[in-house]
Structures are given as structure tokens and as C-alpha cells.
Chemist: 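Sending over a structure as C-alpha cells; questions will come in a sec.
Chain letters run A, B, ... following the sequence lines, proteins first and then strands; every chain starts at 1.
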Amino acid sequence: MTAQPSTNKKVTLEELADLCVRRGFFFQSGRIYGGLSGFYDYGPLGVELQRNILNSWWRWFVELRSDVYGLDGSIITHPRTWEASGHVESFIDFLVSCKKCGSEYRADALLEELGIRVTSLTAESLKRAIEDHGVRCPVCGGELSDPRPFNLMFTTTVGPRREQPLVAYLRPETAQLIFTNFKNIVFAMGATLPFGVAQYGKAFRNEISPRGFLFRLREFTQMEIEYFVNPRKLNSCPYFEEVKDLKVNLLTAEDQEEGRQETREITLGEALERGFITTAWHAYWIGESLRWLWSLGLDPRHLRVREHVKSELAHYAVQTFDIEYYFPFMGWKEIVGISNRSDYDLRRHQEYSGESLHIVDDGEKVVPHVIEPSFGLERVILAVLTEAYTTEGSRTYLRLKPEIAPFKVAVFPLVKRDGLDTKALEVYRILRAHFRAYYDDDGSIGRRYAKADEIGVPYCVTIDGQTLADNTVTVRFRDTREQVRVPLSSLVDTLRTFIEKGVTRAETSYTVSAGKEPEGR
RNA sequence: GCGGCCGUAGUCUAGUCUGGUAGGAUGGCGGCCUGCCACGCCGCAGAUCCCGGGUUCAAAUCCCGGCGGCCGCACCA
């Protein structure tokens, strides 16, 4: 596979963002006051899409398994959590600015660029290093300001205390709440290794420069799993068979360090055998994550698995693979990160809290190792919308999987008279008890179809003159505009089957979604 | 955060250079028409001209500062 996959999608970020705002998916937050960078509000359609994707994720990773528990931790979090996790220390950048031209630099990056080794990341030592080496602004030679710390975590104060306020952090990742609840879950649920904990919710990072519509936000939604494994059993994954033959587009750290940007098509089994992925559990979760993304309709050719090079690795990570999606307007971008966090987090929390965070497995006390698949919901949504965005002549529509489409069905009277509208409202009332549905009798039938297509409604039910005679309606398919006639008495069952099987055309050879059968794990 | 470009109804945009009544399209609402793919007609509503300050008799327009957006750089646990 080449570095840039061929794609017939010419959609630009502006077109996509325009549709999203115009049709009520997303709005920039605080727009009436001039806008606030890095924050978006979910509109009426966005909130449906979001719920559908969250539900799909929860079903796939929690409900269809027996080894993953759910959790919903607090957003404002005990400050010691982040001292233990390393975020208070590692999540800081020291910035210096030029007093003459105003250019801003990351102090440690500037020093390292000049070949000066940075021994400790404190304001004092950075200041001394700048003074000792007489470092000046590389742009204009001007004098540099003192380094000032910038932590990417948002803070808030808890309670009414004004003197020495209790400063707490808005979580920069949901993961830590799983680690700090590890013992609670083990005790309450009687969990035994291996097992995982899944959580989704808001996370907050005070990004220096939010960009790219939903791509880099200051407030966003993570869907994370921390999967705990006995460190001596990292290569014994009973589910590995399920993913070993999956083909992935892999770009290893070694390839990148040697300047290669082309992925290799390889099965996960082979990637593990050849040591590209170091543990079977890690490879398994890469496969499982990919399978879920495929189930949302993302084209496997637009996804690749890229290993982090050493310099990219987070302070807690031993090995990380990003699943990247090819956005025609931005190139390859991370939508999922799957890290091997080893026992870093649990050990740190043991150290800082004094609580023992072990579990007994096969009669021995172990602090488990962790594989973490971490999904960025807004990034997944952006990828899904990009993939779905389709233009045919002047027609624009979203080819969303019926399972995740905000509305499953729209109900139209062919015309608004002769009692067709009354009958259509009756049909609508029946359908809305079963599916997310809406009724529209405004303007021409063609316009109503087009507007439904634009927001990805997979099925339009139309009530016409024949309906009054024989109680049948037409069901129109979004992708092909074909219509079939269905008796009103079986409409609900027919639509339910269509949605479950992901039918998007009238052919009998139904397009079956990449679904997953319950496997009794 | 830096540099470049930009900011006018929900959306797209004319007007900005050369200061003097904010105009169009689309979308929205009401009505008529309409028997299958963004039909047509009539009417109505909709603009803090991004915000603040300055210059001026007069500012969407010129100047300064801020906010927001796009692109590039940097950043991205």
C-alpha cells in the first residue's frame, strides 16, 4: 500500500463542517459570543449519531463479552491521581518567548535543538541552561524571557475554601479513573485475570492550538478500555485465533526510523510471530479495535496501524500503535491509540496511595500489566462522516450504516391532501415507537428525499394514493433511490430486518454488515 | 503561541480599495400549486456588518487592540 491511498473522496473539511452545522450535527460552542476555540456542542443530529456510536462501542466491547466491566468515573478528580500518573510532571511544557520579536518556543525543545542536554525539566534548571549557554532567540537574536510552565491540564477549585484553595484537575484521560478504581472493581465484582474495564466520557486538555473542526478539541470524549493481564501471560491470549488472520496495513517504528512511509499488508498472526507487535494481547486488541471500526463502515483501505517511534511514546507507554484513518483533507491521522502501559500506572498508584493494587492469579500475587485501546469519539465520528460523505452530480448524501444513522426512517405523504397527510401521520406514529423517525410534508417529494439523504436517513417511507386503497407503502433506499412496496402490516418487521442486516439497496443479496456474533466470552 | 490570509441574516456572498440608504442567492416560516427524486409562484420574517476603542459631520468600509476561522510552522501524554 502506498503512503496515500487512492480515494475518490474529494470532500474538504469545509464542506463537511458546513453540512454538520447546517443540518444540526455540531455547533461551535459559544458562537453568539464570538466562539471559544476548541469547544463544540453536539446538535440534535450529532447527539443521535454520538449515542449510536457509543452504544455500538459499549455493545461490542462490554455487552458481547463477559470479561469487561463498565465504569463511569468522575470528571473532576483527586489531584494526587495526576501526581501518581505522571501528568503533573510530564504534562508540562516550559515556554520561553523572545522579548524583542515575541516568538515563542518550548524551552526544552529549543535547548535540545542547539545540542544542549536537558537534565531536568524545571523552570530553574532550564533558566540556568539558557543563561549558561547564552541562548538567544534563533529568529532575531533577542533576549529570551524566563521559562514559564504551561500544564495542559485544566484546573478548578473544590469547595468554598478561599485561602489555600483545594485545586483539582479535570481529567485529561479517563483511564486513570479505572486505575484508581482497580481495587473496588476487583472486590465488588470478584474479577479474575484477565479482565478489562471500559469507560467512556469527557476528557479535557488545554491544547495550545485547537485545530481541524472536531479533530483537536480541548473538551472531547474518550472511549477507553484498560485490560489487565498477568505479566507472565502476555502471550497467552485465548481469543487470538479470532484475529490472527486479519490483514492490517502496518507501519512499524523501525520502518519509520529508516525513512519508510509505506505500510506492509500483514496478518496479525505474522506481525506477532515476526516480533513487530511484542505481545499477543496487544495484537488481539489491535484486531478487535479494527474490527469495530470496520463495523462502522470505515473502509479497511483507509485505515493503517502505525507504531509510535521512541520519541513519540508517552511517559507511561512501552509500545503504542495508533490506528490512523486517511482523511483526504488532512492525511493520515490518529483516531485510536492502543498502548502497552505495562504495570506503570498501578505501581505508581500503589506508591502514591500506599494501597496494594495486586490481584491473586494462579495462587500468586501479581500487579497486572495493562493493554489500553483508547478511542477518540469525535475523531471516530469525523472519520465516519468523511467515509460516508458522498456526492453524485448535484446530490450529496451520507452513506451511513443504518445502525448508526441519526434517523432510521423518514415518513412522507406524497402530497399534502386527499387524506394522505393524515394517513402518513398515522404511519409515523406507529414507526416512531420502534425507530428514531421523523415526519415531513413540506415542499416537493424530491426535496424531502434529498434532505433526508443529506443527513443519511437510510429509508424513506412514502404514503401515496395506493396506500389508501390497499394499505401498502413504498420504502425508498437512500443509496440507490430504489423503492419497494411493503404492506403496512409488516412494515415495522421489514424495517427492523433492514436495519439489523444493514440493507441499503433493494436487491435481495443484502449487504450484510461486518457484524459480530456473540461468542460467549 | 508565531507568520500569512480572512470575518456582512442559519449558510454562501455583493458592497470595503475610493467613508454617505446594508443588496442578492440559498435556507426558514405562511399560503397557492404539485401524484415520486432539491418544480414553480406569491407573501413574511431573518444582520450586534465578529467585539471594543480611535479618526471623522458621517465607519461594514480607514487606524489600533482583542476574539474567532483557514493555511503554514510549532505543539499534540
Side-chain angles (χ1 to χ4, degrees), chain A residues 12-15 17-24 27-39 43 82 85-93 95-98 101-106 108-110 113 137 139-140 148 150-153 172-173 175-176 203 205-213 215-218 308 312-317 320 322 329-330 333-334 337 339 341 344-345 372 374 376 392-397 412-418 420 441-454 460 462-468 474 476 478 480-483:
Chain A
T12 65
L13 185 58
E14 287 71 29
E15 287 169 325
D18 176 60
L19 187 148
C20 285
V21 171
R22 215 161 22 79
R23 300 306 310 273
F27 310 117
Q28 193 192 11
S29 199
R31 190 62 207 278
I32 62 167
Y33 296 114
L36 195 56
S37 193
F39 300 92
W82 308 102
S85 72
H87 285 80
V88 168
E89 188 187 358
S90 307
F91 216 40
I92 287 185
D93 288 334
L95 302 177
V96 290
S97 55
C98 171
C101 71
S103 300
E104 290 261 357
Y105 307 96
R106 246 185 76 181
D108 57 323
L110 180 62
E113 219 170 87
C137 173
V139 171
C140 74
R148 56 197 160 77
F150 177 72
N151 191 296
L152 270 63
M153 285 193 289
E173 60 172 11
Q176 292 304 326
R205 299 178 185 183
N206 199 1
E207 297 286 353
I208 295 172
S209 167
R211 280 284 166 93
F213 189 40
F215 195 78
R216 191 180 308 150
L217 299 170
R218 289 182 167 133
H308 276 201
E312 283 179 281
L313 282 175
H315 62 273
Y316 52 69
T320 297
D322 284 346
F329 41 81
M330 307 193 281
K333 292 286 181 184
E334 175 195 0
S339 290
R341 295 178 78 132
Y344 175 86
D345 299 278
E372 174 201 71
S374 171
E392 281 170 17
S394 61
R395 184 164 108 96
T396 297
Y397 65 104
F412 308 143
L414 186 57
V415 290
K416 200 170 27 172
R417 59 180 167 86
D418 301 338
L420 292 184
D441 62 11
D442 189 44
S444 74
I445 188 71
R447 174 186 300 267
R448 283 176 269 157
Y449 287 142
K451 290 187 64 175
D453 292 343
E454 197 182 27
C460 292
T462 304
I463 283 71
D464 57 15
Q466 195 179 327
T467 307
L468 301 181
T474 62
R476 169 190 177 273
R478 172 195 67 205
T480 60
R481 300 190 283 178
E482 299 161 290
Q483 287 181 303

Chemist: In the structure shown, which nucleotide is the Watson-Crick or G-U wobble counterpart of B:rG1, with both distances under 3.5 Å?
Modeler: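 Its partner is B:rC73.
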Chemist: Would you mind reporting whether A:R218 and A:S37 have side-chain heavy atoms less than 4.5 Å apart?
Modeler: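 Contact flag for A:S37/A:R218 side chains = yes.
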Chemist: Any side-chain N or O of A:Q28 below 4.0 angstrom from OP1/OP2 of B:rG69?
Modeler: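 The answer is yes; a side-chain N or O of A:Q28 sits under 4.0 Å from OP1 or OP2.
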Chemist: Write out a two-atom table: protein N or O, nucleotide N or O from nucleotides 43-54 of chain B, distance below 3.5 Å.
Modeler:
from: B:rU48; atom 1: O4; to: A:I32; atom 2: O; distance (Å): 3.0

Chemist: Determine the contact category for A:D322: base if any of its heavy atoms lies under 4.0 Å from a base atom, sugar-phosphate if only primed atoms, P, OP1 or OP2 are that close, otherwise nothing.
Modeler: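 Counting heavy atoms under 4.0 Å across all strands, no contact is made by A:D322.
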Chemist: Need the pair for B:rG65. Rule: Watson-Crick or G-U wobble, both distances under 3.5 Å, any strand; none if unpaired.
Modeler: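 Its partner is B:rC51.
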Chemist: What distance, rounded to whole Å, do you find between the two C1' atoms, one in B:rG24 and one in B:rU8?
Modeler: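 My reading of the C1' atoms in B:rG24 and B:rU8 gives 12 Å.
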Chemist: Does B:rA14 have a Watson-Crick or wobble mate here (both distances under 3.5 Å), and if so which one?
Modeler: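 Pairing partner, where one exists within any strand: none, as none qualifies.
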Chemist: Considering only the C1' atoms, how many Å lie between B:rC29 and B:rC76, rounded to the nearest integer?
Modeler: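 Looking at atom C1' only, B:rC29 and B:rC76 are 45 Å apart.
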Chemist: Expressed in whole Å, how much space separates the P atoms belonging to B:rG10 and B:rU55?
Modeler: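 Each nucleotide's P atom is 32 Å from the other's.
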Chemist: I'd like the P distance from B:rC73 over to B:rG15, given in whole Å.
Modeler: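 Pairwise P distance, B:rG15 against B:rC73, rounds to 32 Å.
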Chemist: Expressed as a whole number of angstroms, how long is the span from A:R211:CZ to B:rC71:C1'?
Modeler: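 A:R211 atom CZ is separated from B:rC71 atom C1' by 7 Å.
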Chemist: For B:rG43, give its Watson-Crick or G-U wobble partner with both distances under 3.5 Å, or none.
Modeler: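 Per the H-bond distance test, B:rC29.
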Chemist: Counting only side-chain nitrogens and oxygens, does A:S209 get under 4.0 Å of the OP1 or OP2 atom of B:rC76?
Modeler: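 False: A:S209 side-chain N/O out of range (4.0 Å or more) of B:rC76 OP1/OP2.
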Chemist: Please tell me if the side chains of A:S85 and A:Y316 come closer than 4.5 Å, counting only heavy atoms from C-beta onward.
Modeler: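 No, every pair of side-chain atoms sits at 4.5 Å or beyond.
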Chemist: Rounded to the nearest angstrom, tell me the gap between atom CG in A:D441 and atom C1' in B:rG35.
Modeler: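 Taking atom C1' of B:rG35 as the reference, CG of A:D441 is at 15 Å.
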Chemist: Tell me, for nucleotides 36-41 of chain B in 5' to 3' order, what letter each nucleotide earns: B for a base near a protein heavy atom under 4.0 Å, S for only sugar-phosphate near one, - for neither?
Modeler: BBBB--
Chemist: Which whole number of Å gives the distance between the C1' atom of B:rC36 and that of B:rA14?
Modeler: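 It comes out at 38 Å once rounded to the nearest Å.
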Chemist: How far does the P atom of B:rG20 sit from the matching atom of B:rG65, given to the nearest Å?
Modeler: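 Those two atoms are separated by 25 Å.
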Chemist: Which one is paired to B:rC37, where only Watson-Crick or G-U wobble pairs with both distances under 3.5 angstrom count?
Modeler: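 Base-paired to nothing in any strand shown.
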Chemist: So, using salt bridge (charged side-chain N to carboxylate O under 4.0 Å, His left out) as the criterion, who are the partners of A:D441 when residues are at least two apart?
Modeler: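 Salt bridge (charged side-chain N to carboxylate O under 4.0 Å, His left out) list for A:D441, sorted by chain: empty.
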Chemist: Roughly how many Å apart are B:rA22 and B:rG31, using the P atom of each and rounding to a whole number?
Modeler: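 To the nearest whole Å, 32 Å.
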Chemist: NA contact type, A:F213, heavy-atom cut-off 4.0 Å: base, sugar-phosphate, or nothing?
Modeler: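 The residue A:F213 makes sugar-phosphate contact but no base contact.
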Chemist: Could you measure between the two C1' atoms, the one in B:rC49 and the one in B:rC44, and give it in whole Å?
Modeler: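 Taking atom C1' in both B:rC49 and B:rC44, they lie 23 Å apart.
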Chemist: Just to verify, what does A:I463 make a side-chain contact (heavy atoms from CB on, under 4.5 Å) with, not counting sequence neighbours?
Modeler: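 Only A:V411, A:L420, A:K423, A:A424, A:V427, A:V461, A:T467, A:V473 meet the side-chain contact (heavy atoms from CB on, under 4.5 Å) criterion with A:I463.
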Chemist: Do A:R448 and A:P413 make a side-chain contact, defined as non-hydrogen atoms from C-beta onward lying under 4.5 Å apart?
Modeler: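 A side-chain contact under 4.5 Å exists here.
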Chemist: How long is the line joining CG of A:D418 and C1' of B:rU34, in whole Å?
Modeler: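 Answer to the nearest Å: 11 Å.
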Chemist: List for me each residue that meets ring-ring contact (aromatic ring centres under 6.0 Å, His included) alongside A:F329, sequence neighbours excluded, and say none if there are none.
Modeler: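 Checked A:F329 against ring-ring contact (aromatic ring centres under 6.0 Å, His included); matches are A:F327.
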Chemist: Quick one, A:R476 and A:T462 - any side-chain contact, counting heavy atoms below 4.5 Å?
Modeler: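 Result no, sub-4.5 Å side-chain heavy-atom pair not found.
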Chemist: For the residue pair A:R395 and A:Y397, would you count it as a cation-pi contact if the rule is NZ or CZ under 6.0 angstrom from the ring centre and within 45 degrees of the ring axis?
Modeler: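 Pair A:R395/A:Y397 counts as cation-pi.
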Chemist: How many whole angstroms separate atom CG of A:D442 from atom P of B:rG28?
Modeler: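 So the CG-P distance, A:D442 to B:rG28, works out to 7 Å.
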Chemist: I'd like to check the side-chain contact (heavy atoms from CB on, under 4.5 Å) partners of A:V88; sequence neighbours left out, ordered by chain and number.
Modeler: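 For A:V88, the residues satisfying side-chain contact (heavy atoms from CB on, under 4.5 Å) (neighbours in sequence not counted) are A:W82, A:E83, A:M153, A:Y169.
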Chemist: Take atom CG of A:L152 and atom P of B:rG1, then tell me their distance rounded to the nearest Å.
Modeler: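 These atoms are roughly 13 Å apart.
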Chemist: Rounded to the Å, how far apart are A:K416 NZ and B:rG35 P?
Modeler: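 So the NZ-P distance, A:K416 to B:rG35, works out to 14 Å.
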Chemist: Now, which nucleotide makes the Watson-Crick or G-U wobble pair with B:rG19, with each of the two distances under 3.5 Å?
Modeler: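 For B:rG19, the partner nucleotide comes out as none, under the 3.5 Å rule.
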Chemist: Please report the distance, rounded to the nearest Å, between CZ in A:R216 and P in B:rG69.
Modeler: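 After rounding, the gap between these two atoms is 13 Å.
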Chemist: A:R205 versus A:R216: any side-chain heavy-atom pair under 4.5 Å?
Modeler: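 No. Closest side-chain heavy atoms not under 4.5 Å.
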Chemist: Roughly how far apart are A:E334 CD and A:T320 OG1, rounded to 0.5 Å?
Modeler: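 Spacing of CD (A:E334) from OG1 (A:T320) equals 9.0 Å.
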Chemist: Can you tell me the distance, in whole Å, between the CE atom of A:M330 and the C1' atom of B:rC71?
Modeler: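 Between C1' of B:rC71 and CE of A:M330: 14 Å.
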Chemist: Closest-nucleotide mapping onto RNA chain B: is A:A314 or A:R218 further toward the 5' terminus? I mean the 5' end.
Modeler: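 Comparing both residues, the 5'-ward one is A:R218.
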Chemist: Assign each of A:E173 and A:L420 to its nearest nucleotide of RNA chain B by heavy atoms, then name whichever residue's nucleotide is nearer the 5' end.
Modeler: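 That would be A:L420.
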